[in-house]
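Since the model is a prediction, treat every value here as computed from it, not as a measurement. So you know, we letter chains A, B, ... as the sequences are listed, proteins then strands, and number each from 1.
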Protein chains: 2
Amino acid sequence: MLIKEKREMKYEKKQNKEQDILIAAEEEFLTKGYDGARTTSIAQRAGVTHAMLHYYFRTKEQLFNRVVEQKFGMVAMTMASVIADLSLPIVERIVHGARAHFDIAAKDPKLPAFMIHEILSNPERSTMIREKVKWITLNVHQNLQAQLDMAANRGEIRKIDAAELLLDIISLNVFSVLIYPFISQIADGFLPNYEDFKVKRKAEIADTIRRKLLIQ
Amino acid sequence: MLIKEKREMKYEKKQNKEQDILIAAEEEFLTKGYDGARTTSIAQRAGVTHAMLHYYFRTKEQLFNRVVEQKFGMVAMTMASVIADLSLPIVERIVHGARAHFDIAAKDPKLPAFMIHEILSNPERSTMIREKVKWITLNVHQNLQAQLDMAANRGEIRKIDAAELLLDIISLNVFSVLIYPFISQIADGFLPNYEDFKVKRKAEIADTIRRKLLIQ
DNA sequence: AATTTGTTTAACAATTTTGTTAATGCAAAG
DNA sequence: CTTTGCATTAACAAAATTGTTAAACAAATT
């Protein structure tokens with residue numbers, strides 16, 4: 001009993017340091033990118049010596065991979081939950097999905113810029129990122145196209161390409177949350193705070209998507 | 001006469017090397033970012049020794065600033081030409097502007113990702129980028145809001161916030177061209193080539209924007 | 001208590017990257 | 001033809017950054 005407790009304490013202690021480093025690394029990598037990130041800086045953030053960082057993760061690149069793995073695993077899980085309620089009418093179902101996606105994007109505003117920059121700046125290193133994104137996207141696309149085709153055949157919406165619609169939703173949502181920091185610096189003064197901005201923007205995007213689906 | 005020619009040759013030679021370095025630097029900085037870029041690599045691309053690079057530009061940061069200055073100067077000029085033909089009806093005028101903006105974005109697909117990453121990863125260093133973007137955006141916004149208000153008062157379109165519309169157009173255009181490299185890797189095989197993709201995407205976005213403006 | 005196992009530290013080593021300098025070349029001007 | 005000014009090179013220096021190692025340490029096992 002006593003022994004078991006102590007063993008757990010030791011295990012926890014190790015776990016914590018490793019996790020501390022991972023958390024610090026995520027912050028550093030997501031804002032500065034692989035090249036801008038410094039292992040010493042990450043170690044500092046995590047409150048450990050940089051030798052410890054190398055002890056747990058050996059190299060910067062291995063640490064990077066662990067961070068990417070963990071982060072995209074979480075995003076993939078969240079994405080899976082977007083699958084909209086099939087009982088809703090098609091238009092509401094898609095608009096609801098778009099709003100849910102907005103929230104996901106808003107929760108991790110730095111992720112898309114990170115992804116894009118990494119894949120652009122070093123495609124080989126970021127194979128894993130591409131694989132993860134591919135996996136997530138293909139599922140959603142197939143599912144969506146089937147739903148759109150059925151609804152279009154029933155005359156509920158106009159005929160529409162799922163890839164285009166998906167790209168619209170992703171573009172509008174991701175870019176909006178991605179760019180807020182700039183807007184706030186550009187339009188300082190006459191801009192609502194982040195929360196108000198998000199509410200208004202989400203509604204506007206939902207409306208834009210709804211209008212896209214109408215037959216008219 | 002002979003003397004003058006020789007003097008020009010010498011001058012040209014210098015000009016060329018400096019320009020060569022600037023061109024190579026733009027490629028390197030835009031794809032790898034400030035942190036990922038290497039002055040030695042830039043020098044190699046430009047076909048000069050890296051000592052030459054330092055001779056002309058002293059430091060990496062000064063070279064970076066020159067590249068940013070030059071690049072955003074060109075973009076600002078191109079943007080100015082988007083100002084749509086006022087003789088067109090409002091809806092067509094805006095849709096035309098959106099299409100023109102798509103072409104600008106498509107001409108420099110790496111620029112937005114570069115901007116975003118730099119401002120995020122090192123706000124102090126990229127003050128100049130922010131200033132340039134601010135200057136460009138504010139003009140367009142004011143102009144657009146005035147046009148929208150007039151048209152809405154005449155009952156030609158619904159009342160709409162220029163900032164939201166602008167954000168829609170920029171999001172859709174920029175993100176679309178930005179993300180093509182990924183899509184092509186994700187959906188290899190059943191994806192049109194870049195030219196076809198752009199044509200279809202531009203039309204789709206134009207339609208999306210048009211639908212946004214309708215009163216209905 | 002002694003041993004084993006994994007953790008932590010500090011000092012060091014290696015490499016990469018930026019930046020400098022002194023010497024050389026070369027064309028134009030006096 | 002010598003001097004002047006800029007361009008160019010190669011070698012070097014300095015700094016930053018990643019990665020290693022040997023020794024100290026702590027906790028659990030025997």
B/A46: partners by side-chain contact (heavy atoms from CB on, under 4.5 Å), with sequence neighbours left out: B/D20, B/I21, B/A24, B/V48
Rounded distance in Å - CG (B/L63) to C1' (C/dT17): 15 Å
Test: B/R125 cationic atom under 6.0 Å from B/Y34 six-membered ring centre, within 45° of axis: yes
side-chain N/O B/K17 vs D/dA7 OP1/OP2, d < 4.0 Å: no
Interface residues of residues 25-52 of chain B with DNA chain C (non-hydrogen, below 4.0 angstrom): B/A37, B/R38, B/T39, B/T40, B/H50, B/A51
Any pair counted as salt bridge (charged side-chain N to carboxylate O under 4.0 Å, His left out), so long as it reaches residues 168-183 of chain B, sequence neighbours left out: A/R201-B/D168, B/D168-B/K212
Closest listed nucleotide, where the reference is the side chain of A/K60 and the choices are D/dT8, D/dG19, C/dT7: D/dG19
Protein-nucleotide distance (A/N16, atom CG; C/dT7, atom P), rounded to Å: 13 Å
Nucleotide C/dT20, atom C1' - distance to OH of B/Y56 in whole Å: 17 Å
Length of the line joining A/F57:CZ and D/dT20:C1', which is rounded to integer Å: 18 Å
Residue pairs fulfilling salt bridge (charged side-chain N to carboxylate O under 4.0 Å, His left out) with at least one residue in residues 175-184 of chain B, sequence neighbours excluded: none
Aromatic plane relationship, A/H54 with A/H50 - under 30° parallel, 30 to 60° tilted, over 60° perpendicular: perpendicular
Integer-rounded Å distance: D/dA15 P and B/H54 NE2: 15 Å
Separation of D/dT18 P from A/E61 CD (nearest whole Å): 12 Å
Any B/Y55 side-chain N or O less than 4.0 Å from OP1/OP2 of D/dC6: no
Residue pairs involving residues 46-64 of chain A (criterion salt bridge (charged side-chain N to carboxylate O under 4.0 Å, His left out); sequence neighbours excluded): none
Integer-rounded Å distance: D/dA7 P and B/I21 CD1: 11 Å
Atom-pair distance (CD on A/E18; P on C/dG6), nearest Å: 14 Å
Pairwise side chain to side chain donor-acceptor pair (under 3.5 Å) hits with a residue in residues 105-116 of chain B, at least two apart: B/K71-B/D108
